[in-house]
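Worksheet: the structure to be examined is printed underneath.
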Amino acid sequence: MLALALLALWLYCLFDAITTPDEEARNLPKLLWVIIIVLVPLAGGVFWLLLGRPVGPRPPRVSLPEDTPRPQAPRGPDDDPDFLRDLDRRLRDDD
């Protein structure tokens, strides 16, 4: 169980360091943090959390102005009322 917890901590720290933008890593360059986490798993992960990880919440990557309409997500055929009406009509015509 302890080994699983250590693996989870190591993976979390590794992915967190990899996905952190270069300019937000503290004290050392991001690449060096990744190398430390890989070579010294437990200590590297703890050092990353304490010394390297950005402080505070990350800003959203893309922000649209308030008046910009958001693109609609693609809809499936079951969500399209015109398709369902046409399907119902074709089924009645076949009977």
Please give me the minimum heavy-atom distance between [X] and [Y], naming the atom from each residue.
X	Y	result
Leu49	Cys13	CG-SG, 3.7 Å
Leu28	Ala25	O-CB, 3.9 Å
Thr20	Asp16	OG1-O, 2.6 Å
Ala17	Trp48	CA-CZ2, 3.5 Å

Quick check: is [Y] connected to [X] through a chain of hydrophobic side chains (ILVMFWY, heavy atoms under 4.5 Å apart)?
X	Y	value
Leu50	Phe15	yes
Leu31	Ile36	no
Val40	Ile18	no

Show the atom names and distances, to 0.1 Å, of all donor-acceptor pairs under 3.5 Å that link a side chain in residues 5-12 to residues at least two apart or in another chain.
unit_1 : atom_1 : unit_2 : atom_2 : d
Trp10  : NE1    : Ile37  : O      : 2.8
Tyr12  : OH     : Arg53  : NH2    : 2.8

So, using side-chain hydrogen bond (donor to acceptor under 3.5 Å, both in side chains) as the criterion, who are the partners of Arg85 when residues are at least two apart?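 Per chain and number, Arg85 pairs via side-chain hydrogen bond (donor to acceptor under 3.5 Å, both in side chains) with Asp82.
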Can you check whether Leu51's main-chain N or O pairs, donor with acceptor, with Asn27's side chain at less than 3.5 Å?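 Flag set: sc Asn27 to bb Leu51 pair under 3.5 Å.
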Going by heavy atoms in the side chains, are Leu39 and Ile35 under 4.5 Å from each other?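 Result yes, sub-4.5 Å side-chain heavy-atom pair found.
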Please list all pairs passing the side-chain hydrogen bond (donor to acceptor under 3.5 Å, both in side chains) test where one or both residues lie in residues 28-46, with sequence neighbours left out. none
